[in-house]
Amino acid sequence: QNVRAGMPADEARRAALRSFGQIERVKDDVRDAWLSRLWETVAQDTRYGVRNLTRNPGFALVVILTMALGIGANTAIFSVVNGVLLSPLPYKDGEQLVVLRQQQPLAGVEDMGFSYKEILDYRTARSLAGVVEFHNMWFILLGRAEPERLSTGVVSANFFDVLGVQPMYGRSLQESDDHPGAPAVLLLSHKYWTKSFGGDPGVVGQVFQMNDRPHQVVGILPPVPQYPLEVDVYMPTSACPFRSSQRAVDNRNFRIVRTAFARLRPDVSAEKAHADLSVLSARLQ
């Protein structure tokens, strides 16, 4: 106010110090008042909470368990985020892996999936060394003590070659497994193999019934993160009754494939691949 009234700044400062006292002393007084009030409030709340909890021990137990579960859940969520999103996945040359996505911006569709014919189109892209597909189905496995409903990854025959993952036991999927009418085969995930077969490698070669067909186990995967989804078993596209149907093979609008990814050629940058695929997608439109 003194400065606004026309008093010089130095004189106004001296007048304020005369009125309020030394700045550090004022700070100490304010700090003491706030801290004493804070601790007084905390002490009162603590005494009140303890009295209420001791009157109702059952409620106290529920509160303690709820807090423990909440802390545990947050820890588990961070562990998943850290393991899946923050840490690099242990795939060979992971920086060369790219996810493909088809969109319909005018319709507000961010991910429309792929039809089989569109997958074939993307395989013609010069910038990509391999394009593989994945979708998830649930099938009933017969031939064990009880029928099992298994989460099944339906994939291209070179799916694990593109990821750079080799089975622990047996073999991976082969191109011949993906031919129409080929004998149906299965790859077991490491988690399912350990849980259901006790880690017995002797399951390789065994035959089980699925979709009214015999399916032979040809390999067991190592304990690596599964992309894009954790499943129990994997089968080639030819073994899936939906993906191998004539409708899926011939119809461009039957977009059963939910995920497609590829590996960039060693001499191709992500920007160059994007430009290449932009030309291809424009042709598809």
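Of the charged side-chain nitrogens involved, none lies within less than 4.0 Å of a carboxylate oxygen, so that Glu110 and Arg101 do not count as a salt-bridged pair.
Annotation: side-chain hydrogen bond (donor to acceptor under 3.5 Å, both in side chains) contacts of Asn158 (sequence neighbours excluded): none. Looking at residues two or more places apart in sequence or on another chain, you find a ring-ring contact (aromatic ring centres under 6.0 Å, His included) between Tyr192 and Phe197. A search for ring-ring contact (aromatic ring centres under 6.0 Å, His included) contacts involving Phe261 returns Phe159, Tyr227, not counting sequence neighbours. In this structure Asp232 satisfies the side-chain hydrogen bond (donor to acceptor under 3.5 Å, both in side chains) test with no other residue, sequence neighbours excluded. For Asn251, there are no side-chain hydrogen bond (donor to acceptor under 3.5 Å, both in side chains) partners two or more places apart in sequence or in a different chain. For Arg123, there are no salt bridge (Lys or Arg N to Asp or Glu O under 4.0 Å) partners two or more places apart in sequence or in a different chain. Annotation: side-chain hydrogen bond (donor to acceptor under 3.5 Å, both in side chains) contacts of Lys191 (sequence neighbours excluded): Glu230. Taking Tyr116 as the reference, nothing meets the ring-ring contact (aromatic ring centres under 6.0 Å, His included) condition, with sequence neighbours excluded. Checked against side-chain contact (heavy atoms from CB on, under 4.5 Å), His190 has the following partners two or more places apart in sequence or in another chain: Met168, Trp193, Thr194, Pro223.
Hydrophobic clustering (ILVMFWY, side-chain heavy atoms < 4.5 Å, transitive): Val154 and Val162 are in distinct clusters. Using a 4.5 Å cut-off between side-chain heavy atoms of Ile, Leu, Val, Met, Phe, Trp and Tyr, with links allowed through other members, Val155 and Ile119 fall into different hydrophobic clusters. Val249 and Val257 fall into different hydrophobic clusters, defined by Ile, Leu, Val, Met, Phe, Trp and Tyr side-chain heavy atoms under 4.5 Å apart, directly or through other members.
In this structure, CG on Leu221 lies 7.0 Å from OG on Ser172, to the nearest 0.5 angstrom. Gln103 CD to Met112 CE: the interatomic distance, rounded to the nearest 0.5 Å, is 10.0 Å. Atom NE2 of His179 is separated from atom OG of Ser244 by 14.0 Å, given to the nearest 0.5 angstrom. Once rounded to the nearest 0.5 Å, the distance linking CE of Met235 with CG of Leu186 reads 5.5 Å. Arg247 CZ to Ile256 CD1: the interatomic distance, rounded to the nearest 0.5 Å, is 9.0 Å. The line from CD of Glu95 to CG of Leu264 is 9.5 Å long, rounded to the nearest 0.5 Å.
Shown here for Phe134 and Gly153, the closest heavy-atom pair between the two residues is CE1-CA, 3.7 Å. Taking both residues in full, the closest heavy atoms of Arg258 and Asp111 are given as NH2-O, 3.6 Å, listed atom of the first, atom of the second, then distance. The shortest non-hydrogen separation linking Phe242 to Ala248 is O-CB, 3.4 Å. Of all non-hydrogen atoms in Val185 and Arg171, the two that sit nearest each other are CG1-NH2, 4.1 Å. Pairing each heavy atom of Ala182 with each of Ser176, the nearest pair is CB-O, 3.3 Å. In terms of heavy atoms, Ala184 sits closest to Pro214 at CB-O, 3.6 Å.
Side-chain contact check for Leu187 versus Val233: every heavy-atom pair is 4.5 Å or farther apart. The closest side-chain heavy-atom distance from Val131 to Leu120 is not below 4.5 Å. Residues Gln226 and Val231 meet the side-chain proximity criterion, which asks for heavy atoms closer than 4.5 Å.
Within a 6.0 Å radius of CZ in Arg126, other residues, nucleotides and ligands contribute 12 heavy atoms or fewer.
Pairs of residues two or more places apart, or lying in two chains, that qualify as salt bridge (charged side-chain N to carboxylate O under 4.0 Å, His left out) and include a residue from residues 138-157 are Arg144-Glu148. The salt bridge (charged side-chain N to carboxylate O under 4.0 Å, His left out) contacts involving residues 263-285 comprise nothing, where partners must be two or more places apart or lie in separate chains. Legend: side chain to side chain donor-acceptor pair (under 3.5 Å) pairs involving residues 211-224, not counting sequence neighbours: none detected.
Side-chain contact annotation: Asn253 with Ser115, donor-acceptor N/O pair under 3.5 Å absent. With hydrogens and angles left out, the side-chain atoms of Tyr122 and Gln102 include a donor and acceptor closer than 3.5 Å.
A donor-acceptor pair under 3.5 Å is formed between the side chain of Ser156 and the backbone N or O of Glu133. Of the possible polar contacts, none joining the Asp121 side chain to the Leu284 backbone as a donor-acceptor pair under 3.5 Å is found. Distance alone, capped at 3.5 Å, places no donor-acceptor pair between the Thr259 side chain and the His135 backbone.
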